[in-house]
2 protein chains.
Amino acid sequence: MGTRILSVEDDERIRQAVKLALEDEGWIVDEAESGEVAINTFQRHPADVVLIDIMLPGIDGFELCRTIRRTSDVPVVMVTARNDTHDIVAGLEAGADDYLTKPFAPKELSARIRALLRRTRPSSTPHARISLGDLEIVPDEGKVSRGGEEVHLTKTEFRLLCELADNPGKVFSREDLLDKVWGYDYFGDGRLVDVHIRRLRTKVEADPANPRHVVTVRGLGYRLQT
Amino acid sequence: MGTRILSVEDDERIRQAVKLALEDEGWIVDEAESGEVAINTFQRHPADVVLIDIMLPGIDGFELCRTIRRTSDVPVVMVTARNDTHDIVAGLEAGADDYLTKPFAPKELSARIRALLRRTRPSSTPHARISLGDLEIVPDEGKVSRGGEEVHLTKTEFRLLCELADNPGKVFSREDLLDKVWGYDYFGDGRLVDVHIRRLRTKVEADPANPRHVVTVRGLGYRLQT
DNA sequence: GTATTGTGCCGCAATTCGGTCGTAATGCGT
DNA sequence: ACGCATTACGACCGAATTGCGGCACAATAC
């Protein structure tokens with residue numbers, strides 16, 4: 001979560017369009033209008049993906065890319081104005097991971113970045129398998145079983161359980177869970193969490209009235225019993 | 001994947017039960033009732049996992065394990081009748097990778113083996129042959145058969161199936177599949193995946209309305225049933 | 001050139017899911 | 001024991017998801 005993207009582009013209007021498109025995906029967007037500013041910004045806020053226009057005032061996109069590559073292996077997308085093979089090759093040699101040709105559709109932009117994130121990020125596999133007592137959770141397979149018996153959870157229930165299981169024993173407040181499961185931009189009733197906890201219990205607990213796994217900590221929130 | 005498992009066990013009934021449980025997972029099961037036979041069999045058909053009962057007539061499980069270890073680093077699971085720390089330590093010293101205590105649930109057995117395969121396999125090459133229940137996939141030859149009967153798949157359907165089969169059990173989101181099957185530069189409707197899943201089912205599933213292989217995980221994507 | 005097959009896209013229908021609400025039950029402090 | 005705050009429950013309805021048939025176009029075979 002909190003994916004951060006650095007967009008380096010000197011054209012004001014394109015920068016705006018890019019920002020809108022990317023923020024629409026829920027990503028945080030840093031902007032830089034030149035290579036110098038970009039390097040500065042990147043050092044203060046390392047991004048998860050960097051988007052570089054080749055034609056820049058001052059140091060050009062290739063140089064910027066090489067500079068970034070010296071200190072980071074963050075995925076880089078180069079943006080070229082013309083469909084010039086030479087530019088593309090030069091970009092890839094400078095260490096870019098992908099390239100885009102102007103003009104590009106906002107959809108294409110976000111799709112490329114998403115693909116890039118998918119390709120580079122999943123190496124950090126959190127937990128292949130979590131088991132707590134008679135509960136077993138396999139995040140990769142979207143499976144949960146109690147005492148060997150597989151139980152079906154909905155997407156939200158599953159995410160909720162995974163979140164709790166991420167720190168077994170830790171108490172999560174409703175705000176914590178709303179943030180992590182429902183996203184940063186959710187404004188609703190905190191009782192929403194209660195409802196899903198209840199639904200989760202009916203499926204995960206042998207006796208939902210006396211929960212042994214999903215425990216409520218009155219006044220604080222919920223936690224997963226170790 | 002044509003996973004082959006060698007089960008070394010002198011008790012006829014247990015051997016039967018193990019065979020059934022493992023074949024249920026789509027694995028090929030070789031059997032040996034003694035260490036001598038096991039060594040012979042293993043040389044003719046190298047297995048991906050070897051399951052050894054400690055109590056064997058003739059050479060015992062530890063000796064067998066050491067013998068196998070001299071020529072192969074195949075994962076070995078030791079089976080002990082009693083929950084004896086000494087046995088377990090001795091087994092691990094003999095080169096075993098995991099151990100099980102009798103009596104064990106078939107589910108636990110297959111879960112352990114699956115875990116072992118996951119831990120050891122990823123380094124190896126793409127699977128030359130994948131079989132799941134009555135389905136058999138041969139990526140190299142572009143062939144798929146259900147219950148021995150060969151079925152014709154189109155290029156896209158085949159790639160889709162292979163992608164799913166690459167990590168059986170893992171849930172693939174539509175984006176994952178679009179990325180891998182259609183390429184990272186495809187920007188169409190995610191519903192396209194649905195359509196091809198449906199077409200795949202009409203060919204691969206005995207009853208396309210109740211898919212047993214290509215399963216949908218609502219809200220997450222699709223996965224191949226293990 | 002024509003027929004056949006494969007591919008992508010759309011709209012409809014069935015189902016499931018998610019969020020909200022009113023209300024009941026429970027725990028906690030006094 | 002009482003009142004207040006917090007949590008649990010059941011039900012409802014709109015929204016999201018997915019399966020399905022069909023259509024148009026492209027690729028390939030004949």
Side-chain angles (χ1 to χ4, degrees), chain A residues 105 107-108 111 142 144 151-164 171-183 185-205 207-225, chain B residues 142 144 151-161 163-164 171-183 185-223:
Chain A
K107 249 192 170 183
E108 183 175 357
V144 175
V151 292
H152 170 77
L153 298 187
T154 71
K155 190 169 56 167
T156 314
E157 289 158 2
F158 190 72
R159 284 220 297 264
L160 182 57
L161 180 59
C162 284
E163 202 50 57
L164 290 170
V171 179
F172 291 85
S173 72
R174 288 176 175 63
E175 286 77 18
D176 283 343
L177 295 171
L178 279 177
D179 268 3
K180 299 201 170 168
V181 177
W182 280 265
D185 51 355
Y186 176 81
F187 304 103
D189 201 336
R191 283 203 293 163
L192 179 54
V193 179
D194 303 24
V195 177
H196 277 87
I197 288 284
R198 170 163 49 93
R199 286 170 179 162
L200 185 57
R201 279 174 177 158
T202 64
K203 297 179 179 178
V204 162
E205 299 284 357
D207 176 13
N210 291 54
R212 290 180 48 247
H213 293 113
V214 184
V215 183
T216 132
V217 183
R218 198 181 173 81
L220 296 176
Y222 300 92
R223 75 188 164 92
L224 211 56
Q225 191 78 275
Chain B
V144 175
V151 291
H152 169 76
L153 297 188
T154 71
K155 255 182 300 184
T156 314
E157 288 158 0
F158 188 73
R159 285 220 297 269
L160 182 57
L161 180 58
E163 205 48 58
L164 290 170
V171 177
F172 291 86
S173 71
R174 288 177 175 66
E175 284 209 334
D176 283 341
L177 296 171
L178 279 178
D179 196 18
K180 296 192 174 168
V181 176
W182 280 265
D185 51 356
Y186 174 81
F187 311 104
D189 198 342
R191 297 295 308 277
L192 180 55
V193 178
D194 303 24
V195 177
H196 280 271
I197 287 284
R198 170 163 48 94
R199 288 169 180 162
L200 184 57
R201 279 174 177 159
T202 62
K203 298 180 180 179
V204 161
E205 298 283 357
D207 176 11
N210 292 56
R212 290 180 49 246
H213 295 113
V214 183
V215 182
T216 133
V217 183
R218 190 172 240 273
L220 296 177
Y222 299 92
R223 81 167 164 222

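All values below were derived from every heavy atom in this structure, side-chain atoms included, with hydrogens, water molecules and symmetry-related copies excluded.
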Subject >> Student check: side-chain heavy atoms of Val195(A) and Arg198(A) closer than 4.5 Å >> reply: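 Yes, their side chains come closer than 4.5 Å.
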Subject >> Validation row: Arg174(B), Leu192(B) side chains within 4.5 angstrom (heavy atoms) >> reply: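 They are not in contact (no side-chain heavy atoms under 4.5 Å apart), so the answer is no.
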Could you check how far [atom1] of [X] sits from [atom2] of [N], rounded to whole Å?
| X | N | atom1 | atom2 | result |
| --- | --- | --- | --- | --- |
| Asp194(A) | dG22(C) | CG | C1' | 15 Å |
| Lys155(A) | dT18(D) | NZ | C1' | 12 Å |
| Asp189(B) | dT17(D) | CG | P | 12 Å |
| Asp207(A) | dC9(D) | CG | P | 10 Å |
| Glu205(B) | dG19(D) | CD | P | 12 Å |
| Arg174(B) | dT18(D) | CZ | C1' | 7 Å |

Closer than 4.0 Å, any side-chain N/O of [X] to the OP1 or OP2 of [N]?
| X | N | answer |
| --- | --- | --- |
| Thr154(B) | dT7(C) | yes |
| Thr216(A) | dT7(D) | no |
| Trp182(A) | dG19(C) | yes |
| His152(B) | dG6(C) | yes |

Original post:
When rounded to the nearest 0.5 angstrom, what is the spacing between CZ in Arg201(B) and CG in Leu161(B)?
Top reply: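 So the CZ of Arg201(B) and the CG of Leu161(B) are separated by 12.0 Å.
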**OP:** Would you give the length of the straight line joining atom CG of Leu200(B) to atom OG1 of Thr202(B), rounded to the nearest 0.5 angstrom?
**Re:**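 Separation between the atoms: 7.5 Å.
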Original post:
Crowded around Arg212(A) CZ? As in, over 12 foreign heavy atoms under 6.0 Å?
Top reply: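 Result for CZ/Arg212(A): open.
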**OP:** Strictly below 4.0 Å, heavy-atom distances to any atom of DNA chain C: list the hits from residues 195-204 of chain A, or just say none.
**Re:**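 Hits under 4.0 Å, by residue number: Val195(A), His196(A), Arg199(A).
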Original post:
Starting at the 5' end of DNA chain D, which residue's closest nucleotide do you reach first, Tyr222(B) or Pro211(A)?
Top reply: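 In this pair, the answer is Pro211(A).
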Original post:
Run the salt bridge (charged side-chain N to carboxylate O under 4.0 Å, His left out) check on Asp194(B) and Arg191(B) step by step: do they pass?
Top reply: CA-CA 5 Å; Asp194(B) 303 24; Arg191(B) 297 295 308 277; 3.1 Å; yes
Original post:
Considering heavy-atom distances to DNA chain C, does Leu153(A) or Arg191(A) have its closest nucleotide positioned more toward the 5' end?
Top reply: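 It is Leu153(A), whose closest nucleotide lies nearer the 5' terminus.
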Original post:
Does the base of dT17(D) carry an N or O that pairs as donor and acceptor with the side chain of Arg218(B) under 3.5 Å?
Top reply: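 Checked by distance alone, the answer is yes.
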Original post:
What residue among Val171(B), Asp176(B), Leu177(B) forms side chain to side chain contact (heavy atoms under 4.5 Å, CB included) with Leu164(B)?
Top reply: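 Single pass found, and it is Leu177(B).
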